[in-house]
Amino acid sequence: MPFLNTSKLVTIERHIAEEGAAHPTSTGELSRLLRDLMLALRILARDVRRAGLNDVLGMTDSVNTHGERVKRLDLHANEVIYRAMDHGGHLCVMASEESDGLMRIPDEYKKGKYVLVFDPLDGSSNIDVNITIGTIFSIHKRVDPTLDTPGTLEDILQPGWKQVAAGYAMYGSSTVLVYSSGNGVDVFTFDPTIGEFLLTFEKLRIPKRGRIYSINSGNAHKWDQNLRDYVSWLLRPSDDGVRPYSLRYIGTMVADVHRTMYYGGIFMYPGDSSSPQGKLRLVYEVAPMAFLVEQAGGRASDGTRRILDIVPTALHQRIPCYLGSEEDVLEAERFLRGDR
Ligand code: AHG
Ligand code: MN
Ligand code: MN
């Protein structure tokens with residue numbers, strides 16, 4: 001699949017503004033919100049690349065709400081996004097993987113009609129060894145957009161199909177931003193020489209089937225038998241040569257999903273005997289990724305239910321996830337049901 005499929009020179013700000021203008025009721029507020037978010041992502045793209053030099057690697061003394069030791073870059077990223085977004089007047093509330101509860105908009109700032117939830121740094125275990133990490137974000141409209149009061153947990157716990165926009169930044173060999181506001185998926189590549197995210201791939205479509213599966217096989221002893229049967233089947237050579245699949249697992253959801261978006265196949269973080277709901281969080285990891293995968297023509301489920309239909313019951317709720325090529329995810333769901 002080509003890295004580039006457009007010759008247009010378009011920055012993400014212009015792309016968002018043009019997309020917004022296409023909506024008759026657009027006020028430009030979402031465009032301004034995203035402009036502010038892009039500033040935070042530019043800063044993080046810089047800081048991630050200089051992490052070793054700026055001495056922001058390593059562990060803090062703190063443990064987050066998930067009982068995970070927090071890396072200094074996690075907290076730094078959380079702070080950068082909050083400070084870029086808290087005063088623009090577009091948000092009524094924020095929440096993140098690193099926040100125990102709601103991240104309130106300071107009293108002195110106007111409350112807007114949007115909600116931002118995010119994973120400031122995805123793939124933390126890979127930070128210190130220079131492996132690709134990312135940032136995931138999801139934007140909802142508040143439940144009652146006529147209010148100008150501080151947002152509530154109800155504004156956060158909305159089903160994924162209601163997302164107004166979602167995206168991720170991936171800090172890899174280059175920094176890319178993958179974004180959708182419901183009109184397909186567009187990819188932007190950061191040009192640090194001009195400090196702009198430039199459109200490099202328009203309307204990305206995930207292949208209907210791939211030949212790669214992505215899962216942490218170290219948990220295989222804890223998997224449901226139907227899942228073991230599915231993975232064994234993927235590894236059994238088929239007469240048409242489609243199988244065996246290859247295993248690719250980076251351990252950064254953003255990177256594993258990004259590869260799946262381009263090459264197809266399936267990314268899985270299943271529940272298992274010790275963690276029945278798996279590890280990944282619905283609100284700010286799985287739902288935004290599911291939105292993007294569906295916008296690219298793929299499929300995203302928890303093994304039985306469509307991810308975007310699931311109404312969250314808690315901010316840090318975990319959910320099993322099977323994301324990727326439509327045919328691959330349907331096949332996995334058949335195995336998980338016990339159908340052969
Ligand atoms: P985070 O760093 O935001 O906590 O996310 C890490 C997640 C996700 O990026 C990745 O897919 C998964 O953890 C890997 O988990 P395992 O190491 O258990 O495979
Ligand atoms: Mn994460
Ligand atoms: Mn994280």
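Counting convention: from 1, in listed order, for ligands and their atoms alike. For reference, positions follow the sequence shown, starting with 1.
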| task | Give the name of the N/O/S atom in Glu285 that lies closest to the Mn ion (ligand 2). | result | OE2
| task | Report yes or no: does Asn126 have a heavy atom closer than 4.0 Å to ligand 1? | result | no
| request: Kindly say whether the aromatic ring centers of Phe190 and Phe197 come within a distance under 6.0 Å. | output: yes
| request: Would you tell me which option among Glu98, Met268, Lys279, Met253 has the nearest heavy-atom contact to atom 17 (O) of ligand 1? | output: Lys279
| message | Starting from atom 9 (O) of ligand 1, what is the nearest protein heavy atom, named by residue and atom, and what distance separates them? | response | Asp122 OD1, 2.7 Å
| task | Give a yes or no on whether a salt bridge exists between Asp256 and Arg259, defined as a side-chain N under 4.0 angstrom from a carboxylate O. | result | yes
| field | Protein heavy-atom partner closest to atom 10 (C) of ligand 1 - residue, atom, separation in Å | value | Gly251 O, 3.3 Å
| said: Please determine whether Asp119 has a backbone or side-chain N, O or S atom lying under 2.8 Å from the Mn ion (ligand 2). | reply: yes
| query | So do the side chains of Lys111 and Val93 get within less than 4.5 Å of each other, counting heavy atoms only? | reply | no
| message | At less than 4.0 angstrom from any non-hydrogen atom of Leu121, what atoms of ligand 1 do you find? | response | 2 (O), 3 (O)
| task | May I ask you to list the atoms of ligand 1 that are less than 4.0 angstrom from any heavy atom of Glu97? | result | 1 (P), 3 (O), 4 (O)
| said: Give me the nearest non-hydrogen protein atom to atom 18 (O) of ligand 1 as residue plus atom name, then the distance to 0.1 Å. | reply: Tyr269 OH, 2.6 Å
| query | Should the pair Arg209-Glu326 be classified as a salt bridge under the 4.0 Å nitrogen-to-oxygen rule? | reply | no
| Just by distance, do the side chain of Arg211 and the backbone of Gly265 share a donor-acceptor pair under 3.5 Å? | no
| task | Looking at Asp122, pick out the N, O or S atom nearest to the Mn ion (ligand 2) and give its name. | result | OD1
| request: Pick out which of Leu292, Asp328, Val257, Thr260 makes a side-chain contact (heavy atoms from CB on, under 4.5 Å) with Ile206. | output: Thr260
| Contact check: Arg281 vs ligand 1, nitrogen or oxygen atoms, below 3.5 angstrom | yes
| request: Measure centre to centre between the rings of Phe201 and Tyr262, then say whether the value is under 6.0 Å. | output: yes
| query | Among Ile139, Asn78, Leu37, Ile136, which residue meets the side-chain contact (heavy atoms from CB on, under 4.5 Å) test with Phe118? | reply | Asn78
| note | Atoms of ligand 1 under 4.0 Å from any heavy atom of Asp119, numbered from 1 in the order shown, are 3 (O)
| Numbered atoms of ligand 1 (with element) below 4.0 Å of Tyr249, judged on heavy atoms | 14 (C), 15 (O), 16 (P), 19 (O)
| query | What do you reckon, does Asn219 have a nitrogen or oxygen under 3.5 Å from a nitrogen or oxygen of ligand 1? | reply | no
| query | Side-chain donor-acceptor pair under 3.5 Å between Asp155 and His140, yes or no? | reply | no
| remark: Here the atoms of ligand 1 under 4.0 Å from any heavy atom belonging to Ser124 are 2 (O)
| Would you find more than 12 non-hydrogen atoms of other residues, nucleotides or ligands less than 6.0 Å from Asp240 atom CG? | yes
| request: Please confirm whether Phe267 comes within less than 3.5 Å of ligand 1 when only nitrogen or oxygen atoms on both sides are compared. | output: no
| So does Glu333 pair up with Arg299, basic N to acidic O under 4.0 Å? | yes
| said: Determine whether Lys203 and Asp186 satisfy the following criterion, salt bridge (Lys or Arg N to Asp or Glu O under 4.0 Å), listing intermediate values before the conclusion. | reply: CA-CA 5 Å; Lys203 306 311 172 211; Asp186 295 304; 2.9 Å; yes
| query | For atom 7 (C) of ligand 1, what's the nearest protein heavy atom and its distance? | reply | Leu280 CD2, 3.7 Å
| Going by the atom numbers of ligand 1, which of them fall below 4.0 Å from some non-hydrogen atom of Glu285? | 3 (O), 5 (O)
| said: Any nitrogen or oxygen of Gly123 lying under 3.5 Å from a nitrogen or oxygen in ligand 1? Just yes or no. | reply: yes
| Main-chain N/O of Val254 paired to Asp122 side chain as donor or acceptor, under 3.5 Å | yes
| request: To 10°, measure the O(Leu121)-the Mn ion (ligand 3)-OE1(Glu97) angle for me. | output: 160°
| remark: Near Asn216 (heavy-atom distance under 4.0 Å), the atoms of ligand 1 are 16 (P), 18 (O), 19 (O)
